[in-house]
Amino acid sequence: MNGPNLNLLGQREPGIYGSDSMESCLSALRQRYPQIEIDYYQSNIEGELIDKLQSVGFGQVDGVVLNAGAYTHTSVALHDCIRSLRVPVIEVHISNVYQREEFRHTSLITSACRGVIGGFGLDSYRLAIEALANA
């Protein structure tokens, strides 16, 4: 699940986010893990992300890989939603947020998540799937 502006992967700031699209990342993940059903959802709207988390977070899936984008640093609502779920959530970042602007150094969702993976480009999603699969 991806938050705001991550629909622009492959186009947006390739020096930070790379030049691959999320579609190519998903294709590679599905080939690598054929035994795992990988669904994908992206929204630029905080409430839609919360609605989707609530719709899957009570046993409909085994876990959630969440890149909340900028909402990572601003959303108490996402934090509260994640805390209410019955499935683990792994927080993911494509970039190393600690090498970026200081306001990105604080995550309001980390304490509600099972773990955090960041700084490995789109490979961060693979690492999060492996963490969930091995939990």
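Since the model is a prediction, treat every value here as computed from it, not as a measurement. For reference, positions follow the sequence shown, starting with 1. FYI, side chains are in, hydrogens and waters are out, and symmetry mates aren't considered; it's all heavy atoms of this structure.
Ser27 meets the side-chain contact (heavy atoms from CB on, under 4.5 Å) test with no other residue; sequence neighbours excluded. Residues passing the ring-ring contact (aromatic ring centres under 6.0 Å, His included) test with Tyr98 are His105, sequence neighbours excluded.
In this structure, CD on Gln42 lies 7.5 Å from CG on Leu49, to the nearest 0.5 angstrom.
Applying the salt bridge (Lys or Arg N to Asp or Glu O under 4.0 Å) rule to pairs touching residues 69-90 yields nothing, sequence neighbours excluded. Pairs engaging residues 104-125 under the salt bridge (Lys or Arg N to Asp or Glu O under 4.0 Å) rule: Glu101-Arg104, Asp123-Arg126 [sequence neighbours left out]. Sorted by first and then second residue, the side-chain hydrogen bond (donor to acceptor under 3.5 Å, both in side chains) pairs with a member in residues 49-73 read Asn67-Tyr125; sequence neighbours excluded.
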Glu23 and Tyr40: side chain to side chain donor-acceptor pair (under 3.5 Å), yes or no, with the steps? CA-CA 10 Å; Glu23 290 76 24; Tyr40 178 67; over 6 Å; no
| task | Output, in order, the C-alpha distance, side-chain angles, deciding distance and verdict of side-chain contact (heavy atoms from CB on, under 4.5 Å) for Val56 and Val87. | result | CA-CA 9 Å; Val56 301; Val87 299; 5.9 Å; no
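Two residues are said to be in side-chain contact when any heavy atoms from C-beta on lie closer than 4.5 Å; Leu132 and Ile36 fail this criterion. Considering only heavy atoms from C-beta on, Met22 comes within 4.5 Å of Asn2 through its side chain. Side chains of Val116 and Ile90 form no contact here, defined as non-hydrogen atoms less than 4.5 Å apart.
Grouping Ile, Leu, Val, Met, Phe, Trp and Tyr by side-chain contacts under 4.5 Å, direct or through others, puts Val76 with Leu108.
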